[in-house]
Amino acid sequence: ANKLHIALIVNDVEKNAISLGDHTPFSARPVPHQSNIFPLHLLPGETLQVFIRVAYERAAIFKVHTENLTLAPELDMDLLAGQTPGFAGA
């Protein structure tokens with residue numbers, strides 16, 4: 001699961017902070033959609049800065065590094081990720 005932390009800065013003032021992720025229920029999202037989308041409301045002449053921090057959980061990292069490998073179908077990446085807390089990615 002991915003987690004997104006988004007800060008919207010309008011005219012040098014933080015206007016909104018949004019946290020989204022794969023496990024965020026549709027009812028809790030600013031826009032009820034399967035993708036992590038959010039509305040932007042700007043008035044003419046406003047300047048917008050968007051800062052996005054993406055946090056990938058370890059299972060997603062395993063999936064990227066094993067996508068070209070043949071793995072046993074019963075291999076559970078989430079279980080494997082849970083057994084390797086604090087391990088470095090290098």
> Looking only at atom types and distance, does a side-chain atom of Lys15 sit under 3.5 Å from a main-chain N or O of Ala7, one as donor and one as acceptor?
Replying inline: no
>> Tell me whether Asn11 contacts the main-chain N or O of Glu46 through its side chain, where contact means a donor paired with an acceptor under 3.5 Å.
In response: no
> Taking all non-hydrogen atoms of both residues, which atom of Pro39 and which atom of Leu8 are closest, and how far apart?
Replying inline: O-CD1, 4.5 Å
> Do you know which two heavy atoms are closest between Phe38 and Pro30, and how far apart they sit?
Replying inline: CB-CG, 4.2 Å
>> Do Phe51 and Ile9 make a side-chain contact, defined as non-hydrogen atoms from C-beta onward lying under 4.5 Å apart?
In response: yes
>> Measuring only between side-chain heavy atoms, which start at C-beta, is Thr47 closer than 4.5 Å to Val10?
In response: no
>> Clusters formed by hydrophobic residues whose side-chain heavy atoms approach within less than 4.5 Å: which one holds Val13, and what are its other members?
In response: none
>> Using a 4.5 Å cut-off between side-chain heavy atoms of Ile, Leu, Val, Met, Phe, Trp and Tyr, which other residues end up in the same hydrophobic cluster as Ile37?
In response: Val31
> Rounded to the nearest 0.5 Å, how far does CG of Leu75 lie from OG1 of Thr70?
Replying inline: 12.0 Å
> Roughly how far, to the nearest 0.5 Å, is the CD1 atom of Ile52 from the CG atom of Leu4?
Replying inline: 7.0 Å
> Going hydrophobic residue to hydrophobic residue with side-chain gaps under 4.5 angstrom, can you get from Leu20 over to Phe26?
Replying inline: no
